[in-house]
Amino acid sequence: MSTLPPEPSHDAGQTEPIDLNAVRIDPRWALKLPASLALRKRLLPLAKLDGRLHVACVDPDDTSTLASLARFFEDEIVPVRAEPESLRRALTRIFGGMSLANAADAGSPRNRSRDARVTEDDAVAICDELLQAALLRGASDVHLDPGERGVRVRFRVDGVLESYRELGSETYAGVSSRFKVLAELDIAERRSPQDGRFSARIGPEQVQVDIRVATLPIRHGERMTLRLLAAHSDKVTLAGLGMSPRHRELFEHALQLPYGLVLLTGPTGSGKSTTLFAALNLLLQTRGGNVLTIEDPVEYEIPGTAQIEVDSADKVSFHKALRSILRHDPDVVMIGEIRDAQTADIAMKAALTGHLVFSTLHTNTAAGVLTRLLDMGLQRYLVAATLRLAVAQRLVRRLCQHCRVEHRLSAREAISLGDPALEGQTVYEPGGCLYCAGRGFTGRMALFEMLPLDEEFSRAVAEGADEAALMQRMRAQGLEVLSDDARGKLLEGLTTRTEILSATTVW
């Protein structure tokens, strides 16, 4: 039986209150409302659907309270009855823990100026707003892109860019300078790219976030990108990655090996690092030991590990750090990425001499790991003796289970998926509701392809099997490739045909 919360009505006739803990709040609308009004009236704009703004409230029939929104929003207002405690928590998360008495005082004429919408000349407040909005939206990156008529601010959410707001050129000058100061960059340098980072506590809940800042001179000014890196990895687990039971069994078996090399492959942004950290979390829980990592940059802080960050000045490179940490008696070594033959050689030898080594490569398939390592100049026998598991993965957006829409595959669509027999099968397309802020998707999950190098596969590698031969052996043994896992998740209603076609190659 489904345990999903009741679907909120888009009309004022809704009777069942919704739990805002399950709702994705759109900061484009939520942050337009002054904190004093939101807290005093217990109102929270959620999202705009079908041209109407849906606002969470305690009493949808309180017309005087809803009328107070008129001077802030020109759109038609649709009141949505919210579960009171979840509304209180949401308001506290977004606007802070101000009491109702203080909220009323803040709304008085004497103090109203402190609570007004952020003014365009307040660079510090705008920077704070952008970071809070990005965190509220679950964005991984903030893009500030100057153009001829102003500066576009966009968030990357679930791998897709979406517009947030526009800034004037004069306003942007102050905003970019503010971020440069925080990242310890040269505010006078606008003709050369710069990189830096800073840590910030964002929003009323003071969430700790590490932020990497990169600037780039372009035609209409200086582009800036902020990458938000979670400072803690408590929620990064294998259970949340989307592995099928068979894939999880293969992966967890590799984690219990006393030594060997486990490689994750895929393009940039395919979730390899997240899978690595989920593996480390499980290892620390189940077997402990001395765990050391080499990363560029350190994306998640993992208690119980010693994490080394690669230096851009090359004082601490991957291969230099790897040589050094092997003298510190590690049980498990995680290398952020194998980028060159020297690092690959040391990693292989570390795996051969009694260490469990995890890392990533840029290849398209699990079997492609063999081709890449051989191209780096590694000996075939060394690869066969040390490589224990190769994993290829991609990321796709996860369908919102509240508003997904049934769709039957046509003959052409089935052929595009590589299996004409799928014609007529029921799959799902995105809809749009309050739970997903009208996007139709909530979060992402991974598609996997795993090649366990057991005795048979290792012998085949040592005897000269190439990538194509390994793929044939995988199919003969019933091991799923990426397209198989993708089709399975499509038929389960977890993602869409468009998503899997954009992420995978149909073999």
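These figures come from a predicted structure and were not determined experimentally. Basis for what follows: all heavy atoms, side chains included, without hydrogens, waters or symmetry-related copies. Note that the numbering runs from 1 along the sequence shown for the chain.
- In terms of modelled atom types and a separation under 3.5 Å, the side chain of Ser86 and the main chain of Asp19 share no donor-acceptor contact.
- Side-chain contact of Glu222 with Ser176: a donor-acceptor pair under 3.5 Å is absent, judged by distance alone.
- Taking OG1 of Thr268 as the reference point, atom NE2 of His362 lies at 4.0 Å (rounded to 0.5 Å).
- Remark: side-chain polar atoms of Glu423 are not paired, donor with acceptor, to backbone N or O of Ala414 under 3.5 angstrom.
- Within 6.0 Å of atom CD in Glu184, 12 or fewer heavy atoms from other residues, nucleotides or ligands are found, so the atom counts as exposed in its surroundings.
- Counting heavy atoms from C-beta outward, Leu44 and Ile94 have side chains that approach closer than 4.5 Å.
- Interatomic distance, NZ of Lys41 versus SG of Cys57, reported as 12.0 Å (0.5 Å rounding).
- Ion pairing between a basic and an acidic side chain is recognised when a charged N comes within 4.0 Å of a carboxylate O; Glu429 and Arg497 show no such pairing.
- The shortest distance between side-chain heavy atoms of His407 and Tyr428 does not fall below 4.5 Å.
- Contact between Leu20 and Ala56 at its shortest, heavy atoms only, is CD1-CB, 4.0 Å.
- Residue Met445 forms a side-chain contact (heavy atoms from CB on, under 4.5 Å) with just one option from Leu241, Leu395, Val396, Leu399, and that option is Val396.
- Between atom CD of residue Gln425 and atom CZ of residue Arg487 there is a gap of 12.0 Å, rounded to the nearest 0.5 Å.
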Open item on the list: Between Thr305 and Asn290, does the side chain to side chain contact (heavy atoms under 4.5 Å, CB included) criterion hold? Intermediate values first, please.
Closed with: CA-CA 7 Å; Thr305 67; Asn290 186 17; over 6 Å; no
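- Using a 4.5 Å heavy-atom threshold, the side chains of Val157 and Phe441 count as separate.
- When each of Glu129, His143, Arg154 is paired with Tyr164, the side-chain hydrogen bond (donor to acceptor under 3.5 Å, both in side chains) condition holds for Glu129 and for no other.
- At distances below 3.5 Å, at least one donor-acceptor pair connects side-chain atoms of Lys180 with backbone N or O atoms of Glu189.
- A donor-acceptor pair under 3.5 Å is formed between the side chain of Arg408 and the backbone N or O of Gly424.
- What you find for Leu31 and Ala133 is that their closest heavy atoms are CD1-CB, 3.7 Å.
- Between Thr360 and Leu276, some side-chain heavy-atom pair lies under the 4.5 Å cut-off.
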TODO: Output, in order, the C-alpha distance, side-chain angles, deciding distance and verdict of side-chain hydrogen bond (donor to acceptor under 3.5 Å, both in side chains) for Thr63 and Asp61.
DONE: CA-CA 6 Å; Thr63 55; Asp61 298 321; over 6 Å; no
Open item on the list: With side chain to side chain contact (heavy atoms under 4.5 Å, CB included) as the criterion, how do Trp29 and Leu46 come out once you've worked through the C-alpha distance, each side chain's angles and the decisive distance to 0.1 Å?
Closed with: CA-CA 7 Å; Trp29 305 105; Leu46 300 176; over 6 Å; no
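- Residues Glu166 and Val151 fail the side-chain proximity criterion, which asks for heavy atoms closer than 4.5 Å.
- Not one N or O on the side chain of Thr495 forms a donor-acceptor pair closer than 3.5 Å with the backbone of Leu490.
- Note on Asp145 versus Arg152: salt bridge recorded, some NZ/NE/NH1/NH2 to OD/OE distance being below 4.0 Å.
- From Arg227, atom CZ reaches atom CZ of Arg212 across 9.0 Å, with rounding to the nearest 0.5 Å.
- Side-chain atoms of Ser270 come within 3.5 Å of backbone atoms of Pro267 as a donor-acceptor pair (strictly under, hydrogens ignored).
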- [ ] Kindly indicate, with the supporting measurements, whether the criterion salt bridge (Lys or Arg N to Asp or Glu O under 4.0 Å) is fulfilled by Arg137 and Glu162.
- [x] CA-CA 10 Å; Arg137 186 69 188 99; Glu162 59 182 41; 2.6 Å; yes
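- Side-chain atoms of Thr275 come within 3.5 Å of backbone N or O of Gly271 as a donor-acceptor pair.
- Here the shortest heavy-atom pairing between Ala47 and Ala437 reads CB-CA, 3.9 Å.
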TODO: Given salt bridge (Lys or Arg N to Asp or Glu O under 4.0 Å), test Glu16 with Arg81 step by step and report yes or no.
DONE: CA-CA 7 Å; Glu16 290 293 329; Arg81 186 189 305 275; over 6 Å; no
Task: Working for side chain to side chain contact (heavy atoms under 4.5 Å, CB included), residues Leu135 and Val207 - done: CA-CA 9 Å; Leu135 187 67; Val207 178; 3.7 Å; yes
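- Going from atom CG of Leu185 over to atom CD of Gln194 covers 5.0 Å, rounded to the nearest 0.5 Å.
- Counting only distance, with no hydrogens or angles, the side chain of Gln401 and the backbone of Gly493 share a donor-acceptor pair below 3.5 Å.
- For Glu449 (side chain) and Leu482 (main-chain N/O), a donor-acceptor pair under 3.5 Å exists by modelled atom type.
- Closest non-hydrogen pair, Arg178 versus Cys127, comes out as CG-SG, 3.3 Å.
- Remark: Arg439 engages Asp26 in a salt bridge, criterion side-chain N to carboxylate O under 4.0 Å.
- Nearest heavy-atom pair across Phe198 and Leu182 is CB-O, 3.2 Å.
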Open item on the list: Applying salt bridge (Lys or Arg N to Asp or Glu O under 4.0 Å) to Arg246 and Asp485, what does each step give before you reach the verdict?
Closed with: CA-CA 11 Å; Arg246 174 58 174 155; Asp485 193 33; over 6 Å; no
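- No more than 12 heavy atoms of other residues, nucleotides or ligands sit less than 6.0 Å from atom CD of Glu148.
- Scanning both residues, Pro303 and Leu284, for their nearest heavy atoms gives O-CD1, 3.6 Å.
- Looking at heavy atoms from C-beta onward, Ile294 lies in side-chain contact with Val310 at the 4.5 angstrom threshold.
- Side chain of Arg412 to backbone of Ser410: no donor-acceptor contact under 3.5 angstrom is found.
- In the displayed structure, His220 atom NE2 is contacted under 6.0 Å by more than 12 heavy atoms of other residues, nucleotides or ligands.
- Inter-residue side-chain proximity for Leu131 and Phe179 is flagged as met; some heavy-atom pair is nearer than 4.5 Å.
- A distance of 9.0 Å separates CZ of Arg165 from NZ of Lys32, quoted to the nearest 0.5 Å.
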Task: Intermediate values then yes/no, side chain to side chain contact (heavy atoms under 4.5 Å, CB included), Arg88 and Arg42 - done: CA-CA 8 Å; Arg88 185 194 66 78; Arg42 288 188 289 178; over 6 Å; no
- [ ] May I have the step-by-step check of salt bridge (Lys or Arg N to Asp or Glu O under 4.0 Å) for Glu309 and Arg197, ending in yes or no?
- [x] CA-CA 13 Å; Glu309 185 161 281; Arg197 70 184 302 165; 2.9 Å; yes
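- With a 4.5 Å cut-off on side-chain heavy atoms, Asp141 and Leu228 do not count as touching.
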